[in-house]
Enquirer: 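I have a structure here, written as structure tokens, and I will follow up with some questions on it.
Only heavy atoms go into these numbers, but all of them, side chains included; no hydrogens, no water, no symmetry mates. Naming: A, B, ... by sequence-line order, numbering from 1 per chain.
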Amino acid sequence: MIKVKDLKKRFGKLEVLKGINAEIKNGEVVVVIGPSGSGKSTFLRCINQLEEANEGQIIIDGVDLLDKSTNINTVRQEVGMVFQLFNLFPHKTVLENIMLAPMKVKKIEKDEAEKIALQLLERVGLRDKANVYPGTLSGGQRQRVAIARALAMKPKVMLFDEPTSALDPEMVGEVLEVMKSLAKEGMTMVVVTHEMGFAREVGDRVVFMDEGMIVEEGKPLDIFTNPQHERTQSFLNKIL
Amino acid sequence: MDFRFDVIVQYLPLLMKGVKLTIQISIIAVAVGTIIGLFISLVRLSKLWPLRWLAKGYVEFLRGTPLMAQIFLIHFGVPPLLGINAFNPLYSGTIALSLNSGAYVAEIFRGAIQSIEKGQMEAARSLGMTHAQAMTHIIIPQAFKRAIPPLGNEFIAILKDSSLVSVISLQDLMMAGRIMQGRSFRFIETWLAVSLLYLVMTLTLSQFVSYLERRFSKSDQS
């Protein structure tokens with residue numbers, strides 16, 4: 001459902017993505033790993049055009065994102081994103097955070113939006129926090145709300161940009177649990193993470209990036225136990 | 001030294017008339033200046049450089065020239081251009097004050113908008129909101145809250161600067177003071193009374209600003 005062809009991205013003179021080719025199938029969970037500065041977050045952010053790509057093609061469900069006639073706002077409704085720093089709206093309650101986009105973007109009635117929001121909160125285990133402000137929540141709770149907020153738009157794909165990197169260790173588990181259950185339900189997911197346990201357990205495919213290129217990809221077990229490329233080996237040696 | 005409290009009492013009705021006009025002008029200038037300021041700040045953050053440049057020019061001109069010159073310019077300079085004899089000083093005074101405060105408010109809002117974390121805009125856009133929706137629902141409400149303390153300063157400055165409209169013979173509190181002084185020759189009484197009346201107004205205003213701060217901080221609980 002997502003096809004990326006020869007994607008290039010430059011920040012000024014620095015070429016961060018040097019031609020990425022990738023295909024993500026419906027229902028697939030792809031985990032992107034790699035050292036910092038390898039371009040994995042930029043790659044992810046190109047998929048919903050938070051970073052404008054300079055060259056190449058990104059095709060989601062047949063729609064080319066870089067085509068000038070494409071309305072990116074329509075595409076983004078179908079592509080949910082979860083950020084490292086949660087980015088909840090601090091001036092809105094948890095419930096309002098989740099209801100806002102369905103109401104303003106999809107023009108869903110308030111009652112309906114509230115129903116969806118409450119169901120999602122139930123699902124991430126935070127039904128009792130509906131009416132508090134994000135400032136009162138722990139990091140793990142905030143990230144679960146952020147996941148619910150993205151899901152409220154009923155996206156076809158979910159992008160996760162290091163969703164557990166800003167969390168205290170004891171809160172990583174609760175967020176990963178929610179992501180695992182999403183994966184089980186067949187959600188298409190692209191996850192940039194350093195959680196190798198998650199990659200191994202949930203990932204259908206692991207993509208290793210370094211210096212703006214995809215160096216190696218394959219089944220988690222193969223990548224972790226039998227990496228072919230020397231750079232993959234040295235990266236895995238450092239973190240495992 | 002004798003302090004003639006009775007003189008103050010005698011001239012209080014005159015001063016209160018001035019207070020009324022000062023309040024009227026200031027309230028309009030605060031309201032219009034806030035709207036102008038929000039608009040100019042958004043233009044200053046626009047992607048089109050000619051618009052940005054115009055907005056910057058507006059701010060630099062109104063911030064970099066004396067308010068009194070601006071009042072004269074509008075009151076005496078603009079009517080001939082429009083082929084009119086004269087403006088009602090109430091209009092020219094209020095317009096000049098509003099335009100002037102708009103420049104300061106624009107800078108306050110620009111700073112506040114730029115202080116909102118980039119992730120807020122990204123989260124809003126990633127949910128499919130347009131840039132305008134993200135500004136309206138996410139960025140501006142948060143920026144407004146951050147702008148309240150400096151806005152409070154600006155509102156108090158407007159109230160005091162409104163005294164400059166007396167130069168085009170508007171009978172505000174400052175002008176009422178000058179009349180009282182001219183008739184009574186009681187200088188201390190006059191200017192003490194005028195100052196205290198300004199102080200009462202600015203204190204009321206700062207109370208109002210504190211109330212706004214409290215109201216908007218309901219999401220700060222943690």
Side-chain angles (χ1 to χ4, degrees), chain A residues 41 44-45 47-52 71-94 96-107 131-138 142 145-146 148-155 157-161 166, chain B residues 34 37-38 41-42 45-49 52 108-152 209-222:
Chain A
S41 276
L44 194 75
R45 290 161 58 86
I47 297 179
N48 68 354
Q49 284 292 286
L50 279 186
E51 300 293 353
E52 278 177 48
N71 181 352
I72 192 64
N73 296 319
T74 318
V75 178
R76 283 180 182 147
Q77 293 178 35
E78 319 246 281
V79 183
M81 182 152 198
V82 174
F83 299 86
Q84 182 177 2
L85 296 173
F86 332 125
N87 297 344
L88 293 179
F89 308 132
H91 61 305
K92 302 210 170 278
T93 64
V94 165
E96 289 165 349
N97 260 277
I98 304 174
M99 288 165 61
L100 187 70
M103 283 168 60
K104 299 296 174 191
V105 178
K106 283 189 165 175
K107 313 288 178 202
N131 295 311
V132 307
Y133 286 93
T136 61
L137 301 178
S138 72
R142 285 183 208 195
V145 172
R149 178 177 69 177
L151 289 175
M153 292 298 286
K154 301 201 190 322
V157 194
M158 286 282 283
L159 310 175
F160 293 84
D161 189 6
Chain B
T34 304
L38 180 59
S41 69
L42 292 176
L45 296 169
S46 128
K47 276 183 187 158
L48 301 169
W49 69 263
R52 272 206 314 268
I108 293 172
F109 275 138
R110 182 173 68 99
I113 289 171
Q114 286 178 326
S115 78
I116 304 298
E117 299 71 25
K118 224 174 103 225
Q120 291 290 307
M121 177 56 90
E122 289 183 350
R125 296 305 303 274
S126 78
L127 289 163
M129 285 188 219
T130 62
H131 183 83
Q133 283 176 324
M135 288 303 284
T136 317
H137 300 295
I138 306 303
I139 307 297
I140 292 175
Q142 294 184 63
F144 188 74
K145 184 179 146 193
R146 284 189 198 179
I148 291 173
L151 278 178
V209 172
S210 311
Y211 160 78
L212 279 183
E213 266 184 70
R214 279 196 306 277
R215 253 205 65 180
F216 277 84
S217 64
K218 66 181 196 296
S219 57
D220 285 345
Q221 29 164 294
S222 56

Enquirer: What part of B/Gln133 is in contact with chain A, defined as an atom under 4.5 angstrom from a non-hydrogen atom: side chain, backbone, both or neither?
Expert: side chain
Enquirer: Minimum heavy-atom separation for A/Asn87 and B/Ala123, please, with both atom names.
Expert: O-CB, 3.5 Å
Enquirer: What part of A/Arg149 gets closer than 4.5 Å to chain B, counting heavy atoms only: side chain, backbone, both or neither?
Expert: both
Enquirer: Nearest 0.5 angstrom please: A/Leu50 CG to B/Met121 CE, how far?
Expert: 11.0 Å
Enquirer: What's the spacing between A/His91 NE2 and B/Ile138 CD1 if we round to 0.5 Å?
Expert: 4.5 Å
Enquirer: Might you point out which heavy atoms bring A/Ala150 and B/Leu127 nearest each other, and give the distance in Å?
Expert: CA-CD2, 4.1 Å
Enquirer: Against chain B, label A/Leu85 side chain, backbone, both or neither, depending on which of its atoms sit under 4.5 Å from a heavy atom there.
Expert: neither
Enquirer: Chain B heavy atoms under 4.5 Å from A/Phe89: which part of the residue, side chain, backbone, both or neither?
Expert: both
Enquirer: Given heavy-atom pairs under 4.5 angstrom as the criterion, report whether the side chain, backbone, both or neither of A/Lys92 touches chain B.
Expert: side chain
Enquirer: Are there more than 12 heavy atoms of other residues, nucleotides or ligands under 6.0 Å from atom CD of B/Gln114?
Expert: yes
Enquirer: Considering only heavy atoms and a distance below 4.5 Å, find which of B/Lys118, B/Lys145, B/Glu122 pairs most often with chain A.
Expert: B/Glu122
Enquirer: When rounded to the nearest 0.5 angstrom, what distance separates CE in A/Met153 from OG in B/Ser126?
Expert: 9.5 Å
Enquirer: Measuring heavy-atom distances to chain B, does A/Leu88 have an atom under 4.5 Å in its side chain, in its backbone, in both, or in neither?
Expert: backbone
Enquirer: Provide the closest heavy-atom pair for B/Gln120 versus A/Pro90 in the form atom of the first, atom of the second, distance.
Expert: OE1-CD, 3.5 Å
Enquirer: How long is the gap from CE on B/Met129 to CG on A/Asn73, to the nearest 0.5 Å?
Expert: 10.5 Å
